[in-house]
Amino acid sequence: MLTFPHSKINIGLNIIDRRPDGYHNIQSIMVPIGWSDILEIVPAAGKETTLTVTGRPVCCPPEKNLVMKALRAVEKVSGPLPPVDIFLRKIVPDGAGLGGGSADAAATVSLLNGLFDLGLTDTTMAEICSTVGADCPFFIYGRPMAASGTGTTLCPIDLPGLEGLTVVVTKPDISISTAEAYGGITPSGTAWDLGQLAASPRQNWKSDLINLFERPMAASHPEIGTLVDLFYEHGACYAAMSGSGSAVFGLFESDILAEKAAASVRPYATWYGPIL
């Protein structure tokens, strides 16, 4: 079975406060985009499960890869599964705030569900994914979602301002770890009304939908602020850092503007296309 795990962008990201368990309460609107990895899972040729990773280098042993963690999380619910051979081609950059690894994990859960006819519902698969990583449940649903809590509490949300837009995403030659991002943040202490913000005209997003990680990370990594400004100079109606960074995206009302913006940020890893 073959699939193309898509990545995501965050339209706004609020960090409300730090929780007693050490995590943070956040709010964000997560939106899927078409920049994708390639994942295939087939019955194993041998007696053991294998993971083969190609494309962008992944600097971790197989058992620590989120794909393998997702497989083990499924087995905690289903019981031991027959061995499989997993082939993952990494295309989406890591350390970018695009959720590439989380998308791979969610796709693993979904493919195993189909391959072995486990009968898992979307809700159950999302619960399994939540044990792997905070962003993982989102990728089960494949549509814009309002995320709250630690990021695993999800609610479908309509974002009419996205209609007709083309997104350009680029990752500068830096990566930002989750620890670095949260280490530099000052929580807002205030919750947003995400429904009201989502319904607002996209002309208001620049002032109303901010990513609280962006300013402190741009202070440490000036490329981020430079890219946001560059997208606005090329006609973006909204531009921001995605998630905890370091990828920056711009939303454009014209394919021609999007193409020119994408050309302006090469040779950085760059993708552009319609919102999913």
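Positions are given from 1, in the same order as the sequence printed here.
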**Message:** Show the nearest heavy-atom pair for residues Gly184 and Pro216, with the distance to one decimal.
**Reply:** O-CB, 3.4 Å

Spell out, yes or no, whether [X] and [Y] are grouped together once hydrophobic residues are joined by side-chain heavy atoms under 4.5 Å, including indirect joins.
X	Y	answer
Tyr238	Ile33	yes
Val248	Met30	no
Ile140	Leu88	yes
Leu209	Leu98	yes

Is [X] reaching over with its side chain to a backbone N or O of [Y], donor-acceptor style, under 3.5 angstrom?
X	Y	answer
Thr131	Ile128	yes
Ser242	Gly97	yes
Thr152	Thr150	no
Asp85	Ala45	yes
Asp17	Pro187	no

**Request:** Sorted by first residue and then second, give each ring pair (Phe, Tyr, Trp, His ring centres under 6.0 Å) pair with at least one member in residues 166-199; sequence neighbours left out.
**Result:** His24-Tyr182, Tyr182-Phe213

**Prompt:** Quick one: ring pair (Phe, Tyr, Trp, His ring centres under 6.0 Å) pairs with a partner in residues 140-159, sequence neighbours left out?
**Reply:** none

Are any of the side-chain heavy atoms of [X] and [Y] separated by less than 4.5 Å?
X	Y	value
Met1	Ile41	no
Phe139	Ser110	no
His221	Glu180	yes
Thr124	Asn113	no
Leu71	Val84	yes
Met241	Ser246	no

**Asked** With ILVMFWY side chains joined below 4.5 Å, transitively, what does Tyr23's cluster contain besides itself?
**Response** none

**Residues clustered with Val42, ILVMFWY side-chain links under 4.5 angstrom** = Phe87

Going by the side chain to side chain contact (heavy atoms under 4.5 Å, CB included) test, name the single residue among [options] that passes it with [X].
X	options	value
Leu251	Val31, Ile11, Val168	Ile11
Ile86	Leu39, Thr50, Thr52	Leu39
Leu212	Ile15, Leu13, Ile16	Ile15

Distance-only donor-acceptor hits, side chain of residues 223-237, under 3.5 Å, sequence neighbours excluded:
{"residue": "Thr226", "atom": "OG1", "partner": "Pro222", "partner atom": "O", "Å": "3.1"}
{"residue": "Tyr232", "atom": "OH", "partner": "Ala239", "partner atom": "N", "Å": "3.1"}
{"residue": "Tyr232", "atom": "OH", "partner": "Ala239", "partner atom": "O", "Å": "3.4"}
{"residue": "His234", "atom": "ND1", "partner": "Leu230", "partner atom": "O", "Å": "3.0"}

**Asked** What residues, two or more places apart in sequence or in another chain, satisfy side-chain hydrogen bond (donor to acceptor under 3.5 Å, both in side chains) together with Ser28?
**Response** Asn10

Check: residues 55-70 side-chain donor-acceptor pairs under 3.5 Å, at least two apart:
{"residue": "Arg56", "atom": "NE", "partner": "Ile91", "partner atom": "O", "Å": "2.7"}
{"residue": "Glu63", "atom": "OE2", "partner": "Arg72", "partner atom": "NH2", "Å": "3.0"}
{"residue": "Asn65", "atom": "OD1", "partner": "Val67", "partner atom": "N", "Å": "2.8"}

List, one per line, each side-chain donor-acceptor pair under 3.5 Å for residues 154-167, sequence neighbours excluded.
{"residue": "Asp158", "atom": "OD1", "partner": "Arg143", "partner atom": "NH2", "Å": "3.4"}
{"residue": "Thr166", "atom": "OG1", "partner": "Asp255", "partner atom": "OD1", "Å": "2.6"}

**Request:** Just grab all the salt bridge (Lys or Arg N to Asp or Glu O under 4.0 Å) pairs involving residues 24-41, residues at least two apart or on different chains.
**Result:** Asp37-Lys90

**Complete:** Sorted by chain and number, sequence neighbours left out, side chain to side chain contact (heavy atoms under 4.5 Å, CB included) with Ser36 holds for Phe4, His6

**Request:** State which residues pass salt bridge (Lys or Arg N to Asp or Glu O under 4.0 Å) with Asp21; sequence neighbours excluded, sorted by chain then number.
**Result:** Arg19

**Prompt:** By salt bridge (Lys or Arg N to Asp or Glu O under 4.0 Å), which residues pair with Arg89, not counting sequence neighbours?
**Reply:** none

**Asked** Is the CG atom of Leu2 crowded by more than 12 outside heavy atoms at less than 6.0 Å?
**Response** yes

**Prompt:** If you count the non-hydrogen atoms of other residues, nucleotides and ligands that lie under 6.0 Å from CZ in Arg202, is the total more than 12?
**Reply:** yes

